[in-house]
Amino acid sequence: MEAGTEGSEEGQTGTSDAGLTEAASRARLISAAPFAIVAVIGLWLTRSFWFPGRYVVGFDTYAYSGPNLEITERALRQWHLPILNDLIFGGVPHLGNPSAAALYPPNLLTMVMGTNRAMGVIVAAHVLLLGIGMSMLARRLGLSPIGATAAGVIAMAAGSTLTKTVQFEQILVLAWMPVLLVAVHAVINSDRPWRAVAAMAATTAAILLAGHPQLVYQAGFLAGVAVIGFAIDDHHRWWRRIGHLALGVTIGLVIASPQLVAVLHATADSAITGGRDLEALRSPALSLPKEFLAQAVLGTVQNRDPAAFASGFESIVFIGVVVVLLAVIGAVALIGARSTRSWAIALGVVALLALTWATGPRSMLFRIAFDVVPGFDLARASARWLVIVTLVGALFAGAGVDAIWRGARHVDLAAVGIAAAVVAALLASRILLAADARSAQIWAVTAAVALGLIAANALGKRGVRASAIGLVVLVCFLFLRRITATLIPSIAVPISLCITFGLMYVLGYGIDNVTLLGLTIAVGLVVDDAIVVLENTSRHIEAGMDRFKAALLGAREVGFTVLSISLSLVAVFIPLLFMAGQTGRLFREFAVTLSVAVM
């Protein structure tokens with residue numbers, strides 16, 4: 001008996017261990033899934049860059065970036081530091097030109113592949129780094145694998161990222177920004193921060209060596225504000241990590257010091273050190289005009305020049321209506337949670353500042369920063385601040401996906417309401433109306449469909465009915481194009497439903513999937529009858545008839561037609577009333593509900 005008992009216990013232990021091992025394997029698979037999905041999508045987005053001869057270049061790539069890489073490659077093959085570029089004006093600083101990124105390690109691929117081939121691979125690899133880094137940041141900040149996947153994909157697929165793929169120097173710095181925030185958060189929150197310090201040092205060095213001065217400046221600003229947000233969240237030990245943060249930055253500066261010293265020496269007497277001309281920054285090619293704000297952010301799906309639509313190539317953000325709505329929902333959800341409130345507010349403020357600064361001297365906040373903030377006046381194109389809007393928007397959109405995935409919560413419903421208010425404000429503003437009517441209609445329909453689906457998800461069964469009514473009213477407005485005309489079918493629907501609910505209560509019917517199906521179908525049929533009467537009445541009004549007389553005559557002329565159509569619909573469902581059994585009972589509720597609503 002004892003032996004049998006021991007054997008049974010050993011069997012149960014083995015089963016338990018196997019279950020724990022399987023659970024651990026599943027957890028590891030789920031944790032790795034976002035990075036694998038983001039990598040696959042990134043490979044598809046960058047498919048043109050992996051093959052020789054398919055790398056799309058701009059003028060700067062052909063005349064500036066490529067030659068800089070060839071100067072570096074030629075010097076290194078001769079075992080020399082690439083100090084001077086002797087192909088321009090008889091010789092200009094090369095190592096001292098930060099945009100040349102002469103000591104950036106990935107650029108050494110030109111030694112193996114050649115300039116053209118290496119540039120395509122480097123760009124594609126940095127797009128992948130951007131997406132995976134954004135997913136890492138989202139996971140570190142508490143987002144689910146689904147939210148992290150969404151954040152990574154949005155960061156890679158945004159228009160601002162894809163335009164940087166032909167701006168070689170900028171994508172090199174942009175790709176490291178999420179990784180820098182991951183390192184900062186790890187230093188502040190890790191129990192053993194030394195590994196995180198090493199990661200921060202390596203990331204800092206990579207950003208400095210990658211070189212593009214304005215994006216390096218923006219990365220430092222973003223990281224500085226993130227430190228404040230992360231530190232406020234960690235009330236107990238953030239002050240102990242100041243030294244670790246400083247150490248990570250210092251080591252990164254030391255690693256990049258050969259290039260930094262050359263840059264400081266080369267630019268010591270440069271005219272640019274005195275700052276840019278403020279009025280020259282008003283150019284639409286360098287800054288975003290306010291009237292193009294919605295176009296630059298929401299983008300276009302029509303066959304047109306994207307740069308002209310956004311007012312300039314540097315102004316392209318193109319994250320779309322759905323991502324904006326998700327970002328608003330995510331921001332509200334993050335700010336509503338005490339554990340994420342501080343860093344969410346900090347990053348949200350950064351995004352709003354970046355959006356304002358992108359408009360250039362047209363904004364008072366830009367002019368103040370231009371006069372007060374050190375180094376701010378050295379930037380050539382203020383529209384480049386939009387890359388921070390994209391990164392923060394992608395992170396918040398991932399949080400929005402999380403909020404929707406969780407299901408109905410009060411904070412989610414509040415977020416939907418705020419998102420609806422934002423869309424309504426855009427529709428009512430002159431900013432949105434700067435676009436052509438077709439673009440505005442596409443944005444409005446997309447926003448309405450997205451909000452309807454989000455509301456349906458948050459409200460459950462009630463949301464199905466509410467979203468159906470909302471979408472029907474929206475379609476009526478888009479085609480009738482008059483608010484007063486839209487009100488007529490909009491009022492007919494709730495009146496019909498209220499009467500139907502009363503009869504359902506008398507008959508003892510509840511609100512379930514069957515009756516909801518009948519009510520949803522009835523919404524479309526009721527609106528159809530109302531529009532028939534409305535259009536006939538409008539015809540008489542346009543002919544000069546008094547509104548009241550036109551309404552009576554219009555209803556009289558088509559009243560019999562509408563009544564016969566409704567009775568025909570009801571007659572179709574009469575056989576369902578005589579079905580026997582449980583199936584008949586289910587369809588009986590459906591038929592009665594639909595028939596009453598239509599009549």
Side-chain angles (χ1 to χ4, degrees), residues 27-28 30-36 38-39 105 126 128-145 147-152 155 173-210 216 218-256 330 334 337-348 350 388 391-392 394-396 398-399 402:
R28 286 194 296 270
I30 292 174
S31 298
F35 310 112
V38 168
H126 280 76
L128 291 177
L129 175 63
L130 174 66
I132 293 173
M134 181 58 70
S135 295
M136 290 173 59
L137 177 62
R139 289 292 287 152
R140 181 141 197 106
L141 295 177
L143 272 64
S144 72
T149 303
V173 180
L174 174 62
W176 288 102
M177 289 187 185
V179 182
L180 179 61
L181 297 187
V182 171
V184 168
H185 188 272
V187 171
I188 294 176
N189 291 274
S190 297
D191 293 328
R192 298 179 179 179
W194 296 111
R195 188 177 299 176
V197 169
M200 184 174 179
T203 305
T204 302
I207 289 176
L208 293 173
L209 292 173
V216 170
Q218 293 175 195
F221 179 78
L222 178 62
V225 176
V227 166
I228 297 173
F230 296 154
I232 294 174
D233 277 338
D234 194 335
H235 303 284
H236 302 293
R237 58 186 176 187
W238 66 267
W239 56 273
R240 302 177 185 175
R241 298 292 186 249
I242 295 178
H244 296 84
L245 291 169
L247 180 61
V249 173
T250 302
I251 295 174
L253 289 170
V254 170
I255 295 173
L334 290 172
R338 182 172 299 179
S339 60
T340 58
R341 182 174 301 156
S342 299
W343 65 259
I345 292 176
L347 293 182
V350 168
I388 291 183
L391 295 180
V392 176
L395 181 61
F396 283 3
D402 265 2

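Taking CG of L181 as the reference point, atom CG of L141 lies at 8.0 Å (rounded to 0.5 Å). Note: I242 CD1 to I188 CD1 = 9.0 Å, rounded to the nearest 0.5 Å. Separation of atoms CG (L143) and CG (L137) is listed at 9.0 Å; rounding is to 0.5 Å. To the nearest 0.5 angstrom, M134 atom CE is 11.0 Å from L129 atom CG. For the atom pair M177 CE and L130 CG, the distance stands at 9.5 Å (nearest 0.5 Å). Taking CG of L334 as the start and CD1 of I345 as the end, the distance is 10.5 Å to the nearest 0.5 Å.
The shortest non-hydrogen separation linking R140 to N189 is NH2-CB, 4.4 Å. The minimum heavy-atom distance between V38 and S135, with the atom names listed, is CG2-OG, 3.3 Å. Residues L347 and L222 come closest through the heavy atom pair CD2-CD1, 4.0 Å. Considering all non-hydrogen atoms of both residues, P178 and A175 come closest at CD-O, 3.7 Å. The shortest heavy-atom contact between I207 and L180 is CD1-CD2, 3.7 Å. Taking every heavy atom of both residues into account, A394 and A155 meet most closely at CB-N, 3.8 Å.
V227 places none of its side-chain heavy atoms less than 4.5 Å from the side chain of V187.
Remark: A205 pairs with I255 by the side chain to side chain contact (heavy atoms under 4.5 Å, CB included) rule, at least two apart or across chains.
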Starting from the C-alpha separation in whole Å, work towards a yes-or-no answer on side chain to side chain contact (heavy atoms under 4.5 Å, CB included) for T203 and V184. CA-CA 10 Å; T203 305; V184 168; over 6 Å; no

Applying side chain to side chain contact (heavy atoms under 4.5 Å, CB included) to V179 and M136, what does each step give before you reach the verdict? CA-CA 8 Å; V179 182; M136 290 173 59; 5.6 Å; no

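Sorted by first then second residue, the side chain to side chain donor-acceptor pair (under 3.5 Å) pairs that include residues 173-183, not counting sequence neighbours, are Y104-W176.
Ring planes of F230 and H185: perpendicular class, angle over 60° (limits at 30 and 60°).
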